[in-house]
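These notes are about the structure you will find just below.
As a basis for the values below, the full set of heavy atoms in this structure was taken, side chains included, without hydrogen atoms, waters or symmetry mates.
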Amino acid sequence: MSRYIDAEKLKCSIDSETDSIFDWDMTIEELYYNLCKLIDDEPTADVQEVKRGTWENTNTPNQLRCNNCEIIHFIAQYPHGEINYCPNCGTRMDGVANG
């Protein structure tokens, strides 16, 4: 499983720890080890994979089906225009299928 970290926080950590992780007398391997340890110690960011999908026509007027959860939605329920996510499963309807 992938581990996501905040790159900006990592840069700040490297800047603040420069004196303790870098020494002119150390080898490349020691520097590499120190940087890897700093990365490993960085807290994991709170992220969730975005589900992506498309609306499928049902051959019935004013109805669309989510290609992720297969639930049929009535277009008339959304009078303010096109809905860009599935209210049932949260899939982002941007025309790109997961895969």
Give me the atom names and distance for the closest heavy-atom approach of T91 to R52. CG2-C, 3.3 Å
Looking only at heavy atoms, which two atoms of Y85 and W55 are closest? And how far apart? O-CZ2, 3.7 Å
I'd like to know if the side chain of K51 reaches the main chain of C89, judged simply by a donor and an acceptor atom lying under 3.5 Å from each other, with no hydrogens or angles considered. yes
Backbone N or O of T54 within a donor-acceptor pair of the N67 side chain at under 3.5 Å? yes
Which residues share a side-chain contact (heavy atoms from CB on, under 4.5 Å) with [X], sequence neighbours left out:
X   : value
Y32 : C36
E8  : D6, K11
T60 : T58, Q63
N88 : C69, I71, H73, C86

What I'd like to find out is whether the side chain of N57 reaches to under 4.5 Å of the side chain of R65, using heavy atoms alone. no
Does the side chain of E56 reach to within under 4.5 Å of the side chain of C66, using non-hydrogen atoms? no
Can you list, pair by pair, the side-chain donor-acceptor contacts under 3.5 Å of residues 37-44, counting residues two or more places apart and other chains?
{"from": "K37", "atom 1": "NZ", "to": "D41", "atom 2": "OD2", "distance (Å)": "3.1"}
{"from": "E42", "atom 1": "OE1", "to": "S13", "atom 2": "OG", "distance (Å)": "3.1"}
{"from": "T44", "atom 1": "OG1", "to": "R3", "atom 2": "NE", "distance (Å)": "3.4"}

